[in-house]
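See below for the structure under consideration.
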Amino acid sequence: MDPDLTSWWLRTLEPFERRAPLPGDTSADVVIVGGGYTGLWTAYYLAALAPAKRIVVLEAEYAGFGASGRNGGWCSGLFPVPAEKLARRYGPDQAAAMAKHLADAVDEVGRVAAAEDIDCHYAKGGTITLARTPAQLRRARTSPGFLDAPRAAAICGATDVLGGTYSPDCAALHPARLVRGLADAAERRGVTIHEGTRALSLARGEVTTDRGTVRAPVVVRALEGYTAALPGHRRALAPVYSLMIVTAPLDPATWARIGLARRETFSDERHLIVYGQRTADDRLAFGGRGAPYHFGSRVRPSYDKEPHVFAALRRTLTELFGIDPPIEDSWGGPLGIPRDWMPSVGVRDGLAWAGGYVGDGVAAANLAGRTLADLIAGDLSDRTTLPWVGHRSRRWEPEPVRWLGINAALRATALRDVWERRGR
């Protein structure tokens, strides 16, 4: 495995050659900055809607370097803004439409993976959120898809299961296989991808990079957790880190006890998010929040490794399943959080954007890519009227308020979980 790649998922791939960087100044009809899910899905669908357009994707490192190649492999219909809040602001019909389109996106990812022969280990087993304390059980009882203790434990044999909730709208997959396969599929549709090309600034009609300038009538920003590095975007999305570990393959007797027979993804009702999946080769890939936000929205490779968070993830995995398996790898990376936690998609005066998924971006990026393709091609659809289209989140506060507020919220969230475990 190549240790220079950013995640275990990427390190399990066959060695791949980097695509050529931008050779110099050029022009296009659409230039997309970011070679992750959002940028590649946009290019893939736009190439089908408008095959005559010249579409160029610019990626600072390689396709899948960021969250698209590092995430937990949950292709879910989850949305970070609660349905009740969406309904209050946009009406119940719009809230229901948002949920339906996200659920459909889970199936669309599987459909494209099959059609393009992308072996991303897609398995739509749904997702279970366990309740393991009385406070968690109270929350679960008010949520859709509630399960009592026997039914929840039959899906996921964790310790101390009191109940849970189940949703069918989730698939487990290998995220790096998906993003690398999607890049190849976009190229087959005529999209040009330049890796090793770092965008220095975005403006109406052009992107300036360290390799030259690309001029295009439409410029798409699809950088998610790396958005803050662009001049003028420091306070648009806060880069907050999520970290992961992966075990060695577990034996059949252990899996018979744990379950997850349909590769259901799993979590529990704690406030500080954890998430996991059973991989296609019978490992547990497990992640969670808890790493600090770094002053000034800085993103550094060294922040991918937080030993105390990795240790906490291992303790949580042991406590969840009563096992202490060898940990084969650990990694992390930033995700993008808007000030109001509302992802958005839009095009305005030739500048397009999508992102702010708060960690639930695998299926959402597919929907965002289809929506951006519709908007850019002028092909108005029911997707282009969804609540997140054209939404503008207010900017994060300047430093040091941003650093103090985000890290205080992280500490308070962890403390709430401690109190609940103690019965308070």
Side-chain angles (χ1 to χ4, degrees), residues 9-10 13-14 16 19 30 32 34-51 53 55 57 59 62-64 66-79 98-127 168-193 220 222 224 263 265 277 279-280 343 345 354-355 357 360-377 379 381-384 386:
W9 302 112
L10 285 157
L13 300 181
E14 293 293 322
F16 55 85
R19 294 173 173 86
V30 179
I32 299 169
Y37 291 144
T38 300
L40 293 173
W41 281 124
T42 302
Y44 176 83
Y45 288 110
L46 184 58
L49 284 176
K53 287 188 182 294
I55 304 166
V57 176
E59 166 54 46
Y62 50 83
S68 299
R70 311 188 201 189
N71 65 81
W74 281 44
C75 182
S76 79
L78 294 172
F79 196 67
M98 192 78 232
K100 180 182 184 304
H101 278 278
L102 284 167
D104 291 345
V106 177
D107 294 327
E108 173 68 3
V109 170
R111 185 196 68 78
V112 174
E116 297 290 352
D117 196 25
I118 301 172
D119 182 15
C120 63
H121 303 169
Y122 181 96
K124 190 182 178 187
T127 188
D169 299 321
C170 189
L173 52 75
H174 188 301
R177 283 175 170 262
L178 175 61
V179 69
R180 295 300 301 182
L182 181 56
D184 293 340
E187 285 183 320
R188 289 194 292 270
R189 288 192 168 184
V191 174
T192 300
I193 301 173
V220 180
E224 197 57 2
R263 290 189 58 212
T265 60
Q277 69 147 291
T279 67
V345 179
Y357 307 119
D360 288 319
V362 180
N366 172 273
L367 177 58
R370 281 183 286 151
T371 305
L372 274 183
D374 290 344
L375 291 168
I376 293 167
D379 186 11
S381 68
D382 53 355
R383 287 186 290 271
T384 61
L386 290 171

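Residues Asn366 and Ala105 approach most closely at OD1-CB, 3.9 Å, considering heavy atoms. When every heavy atom of Tyr357 is checked against every heavy atom of Ala365, the shortest pair comes out as OH-CA, 3.6 Å. Contact record, Ala43 with Val191: O-CG2, 3.7 Å, taken as the closest heavy-atom pair. Residues Glu59 and Gly35 come closest through the heavy atom pair OE1-N, 2.8 Å. Between Val106 and Ser76, the shortest heavy-atom contact is CG2-C, 3.6 Å. Closest approach of Ala183 and Ile193 over heavy atoms only: O-CD1, 3.6 Å.
Side chain of Arg177 to main chain of Asp119: a donor-acceptor pair is present (N/O by atom type, distance under 3.5 Å, no hydrogens or angles). Remark: the backbone N or O of Leu182 is not paired with any side-chain donor or acceptor of Tyr37 at under 3.5 angstrom. When atom types are taken as modelled, the side chain of Glu116 and the backbone of Gly181 share no donor-acceptor pair closer than 3.5 angstrom.
Once rounded to the nearest 0.5 Å, the distance linking CD1 of Ile32 with OG1 of Thr38 reads 10.0 Å. Leu78 contributes atom CG, which lies 7.0 Å from atom OG1 of Thr127 (distance to the nearest 0.5 angstrom). The structure places OG1 of Thr371 at 9.0 Å from CG of Asp382, a figure rounded to the nearest 0.5 Å. Note: Asp107 CG to Lys124 NZ = 3.5 Å, rounded to the nearest 0.5 Å.
Side chains of Ile118 and Asp184 form no contact here, defined as non-hydrogen atoms less than 4.5 Å apart. In this structure the side chain of Leu367 reaches within 4.5 angstrom of the side chain of Leu102, judged on heavy atoms. For the pair Arg370/Glu108, a side-chain contact is recorded, criterion being any heavy-atom separation below 4.5 Å from C-beta on. Val345 places none of its side-chain heavy atoms less than 4.5 Å from the side chain of Leu386.
Comment: Arg19 engages Glu187 in a salt bridge, judged by a side-chain N to carboxylate O separation of less than 4.0 angstrom.
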Checklist entry - Going through the distances and angles, do Val220 and Ile376 end up as a side-chain contact (heavy atoms from CB on, under 4.5 Å)? => result CA-CA 10 Å; Val220 180; Ile376 293 167; 3.9 Å; yes
Item to check | Criterion side-chain contact (heavy atoms from CB on, under 4.5 Å) on Leu173 and Val109, from CA distance to verdict | outcome: CA-CA 10 Å; Leu173 52 75; Val109 170; 4.1 Å; yes
Item to check | Trace of the side-chain contact (heavy atoms from CB on, under 4.5 Å) decision for Leu178 with His174 | outcome: CA-CA 6 Å; Leu178 175 61; His174 188 301; over 6 Å; no
Checklist entry - Going through the distances and angles, do Arg180 and Leu13 end up as a side-chain contact (heavy atoms from CB on, under 4.5 Å)? => result CA-CA 9 Å; Arg180 295 300 301 182; Leu13 300 181; 3.6 Å; yes
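Of the options Asn71, Val179, Thr279, a side chain to side chain contact (heavy atoms under 4.5 Å, CB included) to Trp9 is made by Thr279 and by none of the others. Here the options are Asp169, Val362, Asp360, the test is side chain to side chain contact (heavy atoms under 4.5 Å, CB included), and the partner is Cys75; only Val362 passes.
If you check the side chains of Tyr45 and Asp374, you find no donor sitting under 3.5 Å from an acceptor.
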